[in-house]
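Written out below as structure tokens is the structure these notes cover.
In what follows, every heavy atom counts, from backbone to side chain, and hydrogens, waters and symmetry copies are set aside. Quick caveat, the model's predicted, so the values are computed rather than measured. Residue numbering restarts at 1 for every chain, and letters A, B, ... go by the order of the sequence lines.
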Number of protein chains: 2
Amino acid sequence: MARRSFHHAPEGARRQDLINATLDCIAENGLQGATVRQIALRAGVTAGLIRYYFPGKDELVHAAYGETMNRMTGQVKFLAEQTASYEHANPRQRLALFVEASLSPPVVDARTLSLWATFISLIHVDPAMAAIHKESYLAFRNEVERLIASVFNDEGKSATKAELAKYAIAVNAVIDGLWLEGCLAGDMFAENDLVSIGIKAVEAVLKPEEAETA
Amino acid sequence: MARRSFHHAPEGARRQDLINATLDCIAENGLQGATVRQIALRAGVTAGLIRYYFPGKDELVHAAYGETMNRMTGQVKFLAEQTASYEHANPRQRLALFVEASLSPPVVDARTLSLWATFISLIHVDPAMAAIHKESYLAFRNEVERLIASVFNDEGKSATKAELAKYAIAVNAVIDGLWLEGCLAGDMFAENDLVSIGIKAVEAVLKPEEAETA
DNA sequence: GTTCAAATTATACAGTTGCATAAATAGCCG
DNA sequence: CGGCTATTTATGCAACTGTATAATTTGAAC
């Protein structure tokens, strides 16, 4: 029979391989290209094994989504906090570093955008995807909110919990939009442009409400 | 045999039906749910007819993408220009109306987001989708750029062509981000919040470059 | 070394997919 | 009203899909 040889992977590694393979497939050929067979091929195993680690293909995709979003938020936090000046930076500067990390590679990246868009497109199709979205969205937004709260606190401004949440939503939106633009049209800006635009826009959004033109 | 009865559709109508059916399928069940048979069912025809109007399923999806983006840009322009105050508004106010139209229903809409995300996810998979993206992106951005140019001109500010493009990219990004947020988390803001945040952020982005905090 | 559970492969299956082709109909032109 | 062409349906097909199941192999415990 000449059966294919294999080895037992260490705890959790195979599962991770399958998730990574799924992300590769989706990024390169879209969700349509992420078939159980293609995924298995990428992961260097046979298709049946997927069902040993996941109840079905859907759950594998869910895991891939969660993983992607965790990585993104984690990367932003890590990059910001790992910056040399972070330790003795004031809250406003820390927020700027967070924005900078969000709008620079490797967070700004065409492949990540493809994955993200694929998952977003399923939010209104699959309730489980919606739940993952909500959770990961809030995780990121909470980081933003914490930073904003620090800024306000540091500068002696006061804001209700609801106001704070509103600011966080707005800042999050600005970051997302520039991130999107950077991923899609990365060649159109110098990288620094994106960051400086982001910081300027975020500061504007954080200014207290005034009478406005319209 | 009792063959199914049918009627000849007027010029272009059948093609449009197929595009609409495709959009319905994608919005409700994702790209995976947009099979030729499902699309035909929705359109009230049989599957084979798709190949009479389109070389293949891919081209149908391309047409659906182009249509979606044209509609969005068209809607924004229409809503802005149709506003009562538009006629005697100054350029800055017209830009604000454009932002407002971009960040209000029916442009801000969960279904449209699903469609948009599906298409975006294919940009790096299918070069034809990339071309459609580029074209529709520029069409929207050109509108933004024209409005900005008017503002600058009206207020006696000068800007090079390159600077103008950069401002347009930035403003576009801010609009996109808030649009995204509005579609995803529509229930979290009052609609007016989104608009006022958008206008504030856009105005900030248009302020001339200064020394910045970082 | 044997034993044995856990990990992996192999195969089979019923349903679905996009597409090709042939047959049938509709409705306009004369 | 008879014919003709554009439009539409019907059917078939080969490839592919996710999943179920059984057979095999691995590697660690003893």
Could you state the [atom1]-[atom2] distance from [X] to [N], rounded to the nearest angstrom?
X: B:F54; N: D:dT7; atom1: CZ; atom2: C1'; answer: 15 Å
X: B:I50; N: C:dC19; atom1: CD1; atom2: C1'; answer: 11 Å
X: A:Q38; N: C:dT17; atom1: CD; atom2: C1'; answer: 16 Å
X: A:K57; N: D:dT19; atom1: NZ; atom2: P; answer: 8 Å
X: B:Q32; N: D:dC16; atom1: CD; atom2: C1'; answer: 13 Å
X: A:L60; N: D:dT17; atom1: CG; atom2: P; answer: 15 Å
X: B:D17; N: D:dT7; atom1: CG; atom2: P; answer: 14 Å
X: B:R51; N: C:dG18; atom1: CZ; atom2: P; answer: 12 Å

When the side chains of residues 175-182 of chain B are checked against the rest of the protein, which donor-acceptor pairs come out under 3.5 Å, sequence neighbours left out?
residue	atom	partner	partner atom	Å
B:W179	NE1	B:V107	O	2.9
B:E181	OE2	A:Y137	OH	2.9
B:E181	OE2	A:N172	ND2	2.7

Check for a donor-acceptor pair, side chain of B:Q38 on one end and backbone N or O of B:T35 on the other, with a separation under 3.5 Å.
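Not a single qualifying donor-acceptor pair exists.
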Verify side chain to side chain contact (heavy atoms under 4.5 Å, CB included) between A:L31 and B:L31, making sure each step is shown before the conclusion.
CA-CA 8 Å; A:L31 193 59; B:L31 193 58; over 6 Å; no
Full working for side chain to side chain contact (heavy atoms under 4.5 Å, CB included) between B:V45 and B:L18:
CA-CA 9 Å; B:V45 298; B:L18 289 171; 4.0 Å; yes
Between protein and nucleotides 6-8 of chain C, what N or O pairs are separated by less than 3.5 Å?
residue	atom	partner	partner atom	Å
C:dA7	OP2	A:Y52	OH	2.2
C:dT8	OP1	A:H7	O	3.1
C:dT8	OP1	A:A9	N	2.8
C:dT8	OP1	A:R14	NH1	2.8
C:dT8	OP2	A:Y53	OH	2.5

Stepwise side chain to side chain contact (heavy atoms under 4.5 Å, CB included) check, A:S85 with A:L97:
CA-CA 9 Å; A:S85 56; A:L97 286 172; 4.1 Å; yes
Is B:R37 side chain donor-acceptor paired with the C:dG18 base, going by distance under 3.5 Å alone?
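Answer is yes: a donor-acceptor pair is held.
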Restricting to side chain to side chain contact (heavy atoms under 4.5 Å, CB included), what partner residues turn up for B:K77, sequence neighbours left out?
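For B:K77 the side chain to side chain contact (heavy atoms under 4.5 Å, CB included) partners, ignoring immediate neighbours, are B:E81, B:F98, B:E143, B:R146.
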